[in-house]
*Asks:* 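I have a structure I would like to understand better, so I am pasting it below and will then ask my questions one at a time.
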Amino acid sequence: MARCSPPLLRRFFCCAANSASTTAAAGPKKKNIVFLGSPQVAASVLDTLLDASSSPDSAFQVAAVVTQPPAAQNRGRKLLPSAVAQLALDRGFPGDLIFTPERSGEESFLSDLKEVRPELCITAAYGNILPQRFLDIPPCGTVNIHPSLLPLYRGAAPVQRALQDGVAETGVSLAYTVRALDAGPVIACERFSVDDCIKAPELLAILFNIGSKLLLDELPSVLDGSAKQKAKPQDDSKVTLAPKMNSDESWLTFDEGARLLHNKDGQEPAQNCNS
């Protein structure tokens, strides 16, 4: 995994800042966005952002990527980067700007993040709770893509829990991140009808694809600050929770009803969606 010690990172950013100052006259300066995510569905969001940022008339650039540290995978238990880190590297993103803190409240990480000078942070299934010291850094705030119609299914497993409940409709929400779990004002949402036979991984991928497009539509208003004016507070009286699935819940007991068994079978292990 390409991750450097804080001193080297600081030297890199210093050089990047000097380079930026010499080219500022070439055109309008793009606003820095930092993306946070870990699994494959988050990698698809990053891919969309990188494509959009490469446009000459784009108002933003992806200045850094934050993801979970490398983890032991497969039979060999070899340490491998997260799907987001691998996508970033495959796209030629500078390894120096891929941060993999164990915890998002680490002082060294927060120091490096400040040096990036992000205008906005975007999260998609990052898998780490963000402290207030993090949330205070980007002036435009932190925005999360959450695969449910908030305030429904706040938590780590919104798609699995929705399928468990046999919902006919779900969706994806774009919301500001606050200290309370998935409780920030909602900027926009889009509904999606649930096919009776869809599985959790497929539905998760669909919702994050919709969320990526929703994010691009709303980014101009987020970056100019007008999204904060139109964002709607969530109705706490309608909150439902979607805690992480545990292994015991994957068992099928055939003295249960057919509909319940069908709904449980549709869950399948999928990525958790904590910010």
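Please read all numbers here as calculations on a predicted model, not as lab measurements.
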*Asks:* Might you work through the salt bridge (Lys or Arg N to Asp or Glu O under 4.0 Å) test for Lys230 and Glu218, ending with a clear yes or no?
*Replies:* CA-CA 11 Å; Lys230 72 172 185 177; Glu218 297 295 334; 2.6 Å; yes
*Asks:* Report yes if some heavy atom in the side chain of Gln61 is under 4.5 Å from a heavy atom in the side chain of Asn32; otherwise report no.
*Replies:* yes
*Asks:* Can you find a heavy atom in the side chain of Ile129 that is under 4.5 Å from one in the side chain of Arg179?
*Replies:* yes
*Asks:* Would you say Ser173's side chain and Ser148's backbone share a donor-acceptor pair under 3.5 angstrom?
*Replies:* yes
*Asks:* Taking all non-hydrogen atoms of both residues, which atom of Leu204 and which atom of Pro147 are closest, and how far apart?
*Replies:* CD1-CG, 4.0 Å
*Asks:* Are Val66 and Phe109 side-chain neighbours, meaning at least one heavy-atom pair lies under 4.5 Å?
*Replies:* yes
*Asks:* Are Leu89 and Phe35 connected in a single hydrophobic cluster, I mean Ile/Leu/Val/Met/Phe/Trp/Tyr linked by side-chain heavy atoms less than 4.5 Å apart?
*Replies:* yes
*Asks:* How long is the span from the CZ atom in Arg91 to the CG atom in Leu50, to the nearest 0.5 Å?
*Replies:* 5.0 Å
*Asks:* What is the distance from atom CG of Leu49 to atom CD1 of Ile33, rounded to the nearest 0.5 Å?
*Replies:* 6.5 Å
*Asks:* Is there a side-chain contact between Gln40 and Gln86 in this structure, where contact means two heavy atoms from C-beta onward sitting under 4.5 Å apart?
*Replies:* no
*Asks:* Between Tyr126 and Asn144, is any pair of side-chain heavy atoms under 4.5 Å apart?
*Replies:* no
*Asks:* Counting distance only, does the side-chain N/O of Ser38 pair as donor-acceptor with the main-chain N or O of Gln68 below 3.5 Å?
*Replies:* yes
*Asks:* Would you name the heavy atoms of Pro185 and Val178 that are closest together and state the gap between them?
*Replies:* CD-CG1, 4.4 Å
*Asks:* For a 4.5 angstrom cut-off between non-hydrogen side-chain atoms, does Lys213 reach Glu190?
*Replies:* no
*Asks:* Of all the heavy-atom pairs spanning Ala43 and Ala83, show the shortest one and how long it is.
*Replies:* CB-O, 3.7 Å
*Asks:* With side chains defined as the heavy atoms from C-beta onward, is the minimum distance between Phe134 and Asn128 less than 4.5 Å?
*Replies:* no
*Asks:* Are the side chain of Ser111 and the backbone N or O of Glu107 linked by a donor-acceptor pair below 3.5 Å?
*Replies:* no
*Asks:* If hydrophobic clusters are built from ILVMFWY residues whose side chains come within less than 4.5 Å, do Leu149 and Val41 share one?
*Replies:* no
*Asks:* Between Val143 and Leu150, is there a shared hydrophobic cluster once you connect ILVMFWY residues whose side-chain heavy atoms come closer than 4.5 Å?
*Replies:* no
*Asks:* Rounded to the nearest 0.5 Å, how far does CD1 of Ile206 lie from OG1 of Thr170?
*Replies:* 11.0 Å
*Asks:* For residues Val186 and Leu174, determine if any side-chain heavy atom of one lies less than 4.5 Å from a side-chain heavy atom of the other.
*Replies:* no
